[in-house]
Amino acid sequence: MQQETTNIAKAQGLPLRLRAVLFDMDGVLYNSMPYHASAWHRAMAQFGYDLPEEEVYMHEGRTGTSTVNLVSRREHGVEVSDERVEEIYKVKSNFFNEFPPAEPMPGALSLLRQLKEQGLKILIVTGSGQRSLLDKLNVDYPDIFRRELMVTAFDVKRGKPDPEPYLMGLQKGELHPDECIVVENAPLGVRAAKAAGIFTIAVNTGPLPDEALLSEGADLLFPSMQALSDAWSELSGTLGK
Ligand code: CA
């Protein structure tokens, strides 16, 4: 209750002229992070690296290359070749695909429907290159997303926490930063969105403390997508006031 009251009060910082909402995918639209964490941990172990599952949540949003090299520099003091990264990422993807399909995040569809009803543009900005999930989007969220309004691992070079993916989202949506908001679950995703100058709502759907998201500059924080969906009507009622 305390959190909700605080959120509504803070919502005065919301864009005055909201035209679009940019969504991250893993941990926001899909409850896929536990699978990613396990797959990363096991793939890295197979190649002799120690990457605890909890740590995967701290790196969430990075490209595969960035994650592998970060761990390799730490453990062996060197970066690895692109071929090696590809090999590791392939093993990781195979482990990920052994899991049953990730479940849509509860509350996400109801939020998306409200936004669509309000005539807002809806974009996806993800570091993911998991084709299985990208293909599933239009099945689980029918008539919501358009391919030309999606930024994925196939579009970007640097990936989060660099603002590049969100800047590309603004470009694809023909948007100004103060016309949109971002919904993110990962600390580095929040950092990327804020670096792109966009109002950012964090949803803490994973095991990290709220502080991990707030310290990166999240403007609002909700404990789940359901909580954000439930609060949306009141939140958007404050728009432009
Ligand atoms: Ca995410």
Side-chain angles (χ1 to χ4, degrees), residues 21-41 51 53-67 70 89 92-93 96 99 101-109 111-112 122-134 136-137 140-141 144-145 150-156 158-166 168-169 180-196 198-229:
V21 182
L22 285 66
F23 284 89
D24 169 55
M25 185 171 74
D26 290 289
V28 170
L29 299 178
Y30 285 103
N31 189 16
S32 46
M33 277 311 294
Y35 298 166
H36 281 294
S38 167
W40 264 119
H41 169 70
L51 176 60
E53 287 192 24
E54 304 76 46
E55 193 190 331
V56 175
Y57 289 88
M58 288 305 297
H59 299 314
E60 187 187 346
R62 283 189 196 283
T63 61
T65 305
S66 168
T67 302
L70 188 136
Y89 196 73
K92 184 256 165 179
S93 293
F96 181 82
F99 283 106
E103 292 291 328
M105 195 64 89
L109 184 58
L111 174 62
L112 289 164
I122 299 169
L123 290 89
I124 288 190
V125 178
T126 176
S128 175
Q130 299 283 351
R131 293 187 191 274
S132 53
L133 263 195
L134 294 169
K136 232 165 83 65
L137 270 173
D140 294 321
Y141 300 103
I144 299 283
F145 301 109
M150 287 175 64
V151 177
T152 73
F154 306 109
D155 297 300
V156 298
R158 294 184 292 276
K160 303 167 188 176
D162 193 282
E164 180 196 25
Y166 281 109
M168 194 172 285
C180 38
I181 59 178
V182 163
V183 181
E184 260 289 351
N185 73 305
L188 298 182
V190 171
R191 193 191 298 175
K194 292 304 294 177
I198 310 173
F199 188 96
T200 304
I201 298 179
V203 285
N204 194 358
T205 61
L208 301 176
D210 288 349
E211 188 50 30
L213 294 156
L214 294 171
S215 65
E216 295 290 356
D219 296 287
L220 297 178
L221 185 133
F222 288 88
S224 64
M225 284 295 279
Q226 189 64 62
L228 173 56
S229 178

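Heavy atoms only: backbone and side chains are in, while hydrogens, waters and symmetry mates are out. In each ligand, atom 1 is the first atom listed, and ligand 1 is the first ligand listed.
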**OP:** Using side chain to side chain contact (heavy atoms under 4.5 Å, CB included) as the criterion, list what pairs up with T63, not counting sequence neighbours.
**Re:** T65, S66
**OP:** Kindly write out the residues that satisfy side chain to side chain contact (heavy atoms under 4.5 Å, CB included) with S224, not counting sequence neighbours, or none if the list is empty.
**Re:** Q226, A227
Could you list the donor-acceptor pairs under 3.5 angstrom formed between side-chain atoms of residues 188-196 and any protein atom two or more places apart in sequence or on another chain?
residue : atom : partner : partner atom : Å
R191    : NE   : E216    : OE1          : 3.0
R191    : NH2  : E216    : OE2          : 3.1
K194    : NZ   : D219    : OD1          : 3.3
K194    : NZ   : D219    : OD2          : 2.8

Original post:
Rounded to the nearest 0.5 Å, how far apart are CG of L22 and CZ of F199?
Top reply: 14.0 Å
Original post:
Say you draw a straight line from OH of Y30 to CG of N185; how long is it, rounded to the nearest 0.5 Å?
Top reply: 14.5 Å
Subject >> Side-chain donor/acceptor of Y141 to backbone N/O of L29, under 3.5 Å >> reply: yes
**OP:** Enumerate the protein N/O/S atoms at a distance below 3.0 Å from the Ca ion (ligand 1), ignoring waters.
**Re:** D24 OD2, D26 O, E60 OE2, N185 OD1
